Amino acid sequence: MSQVVTRFAPSPTGMLHIGGVRTALFCWLFARKHGGRFILRIEDTDLSRSTDDNIRIIEEGMAWCGLGWDEGPVVGDPSAWVGPHGPYRQMQRMDLYRAKIQELLDKNLAYRCRCSRETIDARRKTVEAAGKVFQYNRGMDRGKGCAAADHDAGEPAAIRFRMPEEGDIVVPDLIKGPTHFPADSLDDWIIARTGDGPGVIGVPTYNFCVVVDDTQMEVTHVIRGDDHLNNTPKQIPLFAAFGTELPAFAHVPMILGADGAKLSKRHGATSITEYQAMGLLPSAVRLALARLSWTPKINGHAVESAEEELLTDEQMIQLFDLADCQKSAARFDMDKLQWLNQKLIQRASWEELEPHLRPFMDKLYPEAWAAKADEWKAQAIQATQKGKSLTDMAEALRFAFERPADFDEKAVEKFMTPIAKLALREVCAFPDYSHSGLEAGFNAILERHGLKTKELAQALRVALCGRPVSPGIFDTLMLVGRDEVVARLERWL
RNA sequence: GGGGCUAUCGUCUAGGGGUCAGGACACCGCCCUUUCACGGCGGUAACACGGGUUCAAAUCCCGUUAGCCCUACCA
């Protein structure tokens, strides 16, 4: 086979949906695995809902997820693209579509249809009254429409494609297996809407554009949501009409909400932007999404430990196989995503984490984070790397940037004992703020006063942070810094 | 209504004739511990239903039920 080519073809009619990202991820993994190309194509033929803003949201969402495309639009420039098959926005490809439609018309593989909405509705009523299913130019409706009319181009008309009437259309799906559709369950469908005037070919429809694009872009593997499985038998005869080889198809299962219904707003976050804002690592989102409906086989066995769950991108690419994909829909599990996120945060180096954490720090403590030295940042990150999310980490570092606004009353009562305050006074005198220096001084105080570690540590936390929760006590002291520690302790002495 | 897809712990799944039906997340318990966490150990928990085929069915076949998708001059 020639080089593998996959594509992700979203409609810019809203946010970038998490289900779309998963489909894109599968396309991306498959292309990467086989050393192929991954195309981003914008399906914007729905003029009323498509916007440039939505296109930018898609591009930025893809980029954040680390799903780079080899061919497709250039971010922020509607008229530019990269790749030999452009443009990659369908509305910029009208000339191609019209030429292809004319080709079909010339070969009598398609025909002009002047049936109005009203006449079709009337015919539909007749058929349904007889207890049958209405299909254009099929069954009782055969010969009632324009299939044999041979309309010239003199009046505005839609264009219908002549579909086979007998036998089965078989979709050779890589995930679902061969799927048979009786030809008589399909009818002559519209490939181009009614044009603006006589002889004008209107805006072509989705199922038509997809075939033209996938052919022209030399797509070898059509990997898409399984809501498109039923569209495929419409498209297959079109490939035949163009005399082009059929690509391979793989219809991946949908992602459902926790209640098993189609994932929608009421389940919480559905757009990739929201996941970004939650403080998730893109690598965690990739892994969580990939593992929905895909179980990698490592040396022939499925993932069988927590350790093996934590796949790197390289491992995912190497292991990815459509044969290991589930046929059924999967429910989205936020708990699992968060666990993955936590694990990935834990094992990342502070340098890897810093660029992802930075936006959250900048938002919470404007200017302050950037002003810190690398050494300080490293310690801050390492001290909070147990968090479930970047937002947790940012929040856990509040004590390092702000004096406590108030104090946890119960904690004050419990830990701010007279003897603890005596010990705090001595903490003020610590000269050495290295880890070992702090430890030595700390232990000396404990010994002198007969205090337990907990008693001093908690008293310090309350004094420094306002609450009995913070990173390790030496980290806490070091991050606050000597002068500020002394200042915050002052009011308790 | 017609056509299509799907069905194993709460969730993601392994297992494709003989398994104590395995793992991960979540949950519960214990341990560790300077707080919160992390970590370690252990536990609860599933083959949708009904018929076949077979010595033997979660596994193969047929139904049923349920969910989802398509059935637009939306994508």
Side-chain angles (χ1 to χ4, degrees), chain A residues 9-13 43-46 48-50 90 113 115-117 120 128 131-135 157-160 171 173 175-177 179-182 184-187 189-195 202-207 209-210 225-234 251 253-254 256 258 260-262 288 291-295 297 301-310 326-340 342 346 384-388 392 396 411 415 442 446 452-462 465 467-474 476:
Chain A
S11 294
T13 53
E43 311 224 324
D44 56 351
T45 56
D46 185 340
S48 62
R49 294 191 295 161
S50 302
Q90 290 187 324
C113 173
C115 296
S116 66
R117 186 70 99 167
I120 288 182
E128 287 176 353
K132 300 277 170 60
V133 176
F134 176 83
Q135 296 178 97
I159 317 282
R160 284 184 190 269
V171 178
D173 194 273
I175 292 175
K176 309 275 187 185
T179 305
H180 296 249
F181 294 83
D184 62 14
S185 67
L186 279 350
D187 64 0
W189 53 280
I190 288 182
I191 56 177
R193 301 169 174 94
T194 301
V203 177
T205 58
Y206 163 78
N207 281 114
C209 297
V210 167
D226 73 4
D227 49 340
H228 289 291
L229 181 58
N230 301 276
N231 287 143
T232 313
K234 289 183 174 182
H251 289 93
M254 303 273 86
L256 273 20
K262 189 175 176 176
R291 292 291 279 98
L292 246 28
S293 300
W294 173 53
T295 304
K297 294 285 198 298
H301 68 258
V303 166
E304 58 188 15
S305 68
E307 188 58 33
E308 286 184 344
E309 292 278 349
L310 276 6
Q326 209 69 19
K327 293 176 179 173
S328 51
R331 302 186 191 204
F332 187 74
D333 186 359
M334 199 59 201
D335 285 334
K336 187 76 171 259
L337 207 206
Q338 266 168 344
W339 177 78
L340 253 15
Q342 181 174 43
Q346 268 176 34
T384 51
Q385 231 169 321
K386 308 281 188 200
K388 280 188 160 48
D392 283 0
F415 297 114
F442 198 87
L446 292 182
K452 290 180 189 163
T453 308
K454 183 175 184 173
E455 294 170 307
L456 212 208
Q458 290 305 77
L460 267 172
R461 286 196 168 90
V462 172
C465 313
R467 23 173 233 149
V469 175
S470 83
I473 197 61
F474 301 132
T476 303

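In what follows, chains carry the letters A, B, and so on, assigned in the order in which the sequence lines appear, proteins first and then strands, with residues in each chain numbered from 1. Keep in mind that this is a model prediction, so the values were computed, not measured.
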Value in whole Å for how far the P atom of B/C36 lies from CZ of A/Phe415: 9 Å
Residue met sooner reading RNA chain B from 5', once A/Gly195 and A/Ala306 are mapped to nucleotides: A/Ala306
Nucleotide nearest A/Thr205 when distance is taken to its side chain, options B/G4, B/U34, B/A75: B/A75
Rounded distance in Å - CD1 (A/Ile190) to P (B/A72): 10 Å
A/Gln342 side chain, from C-beta outward: closest of B/C12, B/A14, B/C38: B/C38
Nucleotide nearest A/Asn231 when distance is taken to its side chain, options B/A75, B/U6, B/U11: B/A75
Whole angstrom value for the distance that separates P of B/C36 from NZ of A/Lys388: 14 Å
Donor-acceptor contact below 3.5 Å, side chain A/Gln326 vs main chain A/Pro253: no
Nearest-nucleotide pick for A/Asp335, side chain only, options being B/C12, B/C73, B/A26: B/A26
Glycosidic conformation of B/G52, taking syn as within 90° of 0 and anti otherwise: anti
Of the listed nucleotides B/A14, B/C73, B/C5, the one nearest the side chain of A/Thr179: B/C5
Candidates B/G4, B/U11, B/U35 - which lies nearest the side chain of A/Gln458: B/U35
Nearest-angstrom distance from the residue atom CG of A/Leu337 to P of B/C12: 14 Å
Separation of A/Lys388 NZ from A/Gln338 CD (nearest 0.5 Å): 7.0 Å
Atom-to-atom span, CG of A/Asp227 to P of B/G4 - whole angstrom: 18 Å
Between B/C25 (P) and A/Phe332 (CZ): distance, integer Å: 17 Å
Candidates B/C69, B/U13, B/A24 - which lies nearest the side chain of A/Thr295: B/U13
Heavy-atom donor-acceptor pair, A/Arg193 side chain to A/Pro204 backbone, under 3.5 Å: yes
Selected nucleotide, minimal atom distance to A/Arg461 side chain, candidates B/U34, B/C25, B/A75: B/U34
Distance in angstrom units between A/Phe181 CZ and B/U71 P, rounded: 12 Å
d(CZ, A/Arg291; P, B/U11) in whole Å: 16 Å
B/C12: syn or anti, per glycosidic angle within 90° of 0: anti
Polar side chain donor-acceptor pair, A/Thr179 to A/His251, under 3.5 angstrom: no
A/Lys454 atom NZ: more than 12 heavy-atom contacts under 6.0 Å: no
Proximal nucleotide (of B/A75, B/C38, B/U35) relative to the A/Gln346 side chain: B/C38
Closest nucleotide among B/A37, B/C25, B/C69 to the A/Asn230 side chain: B/C69
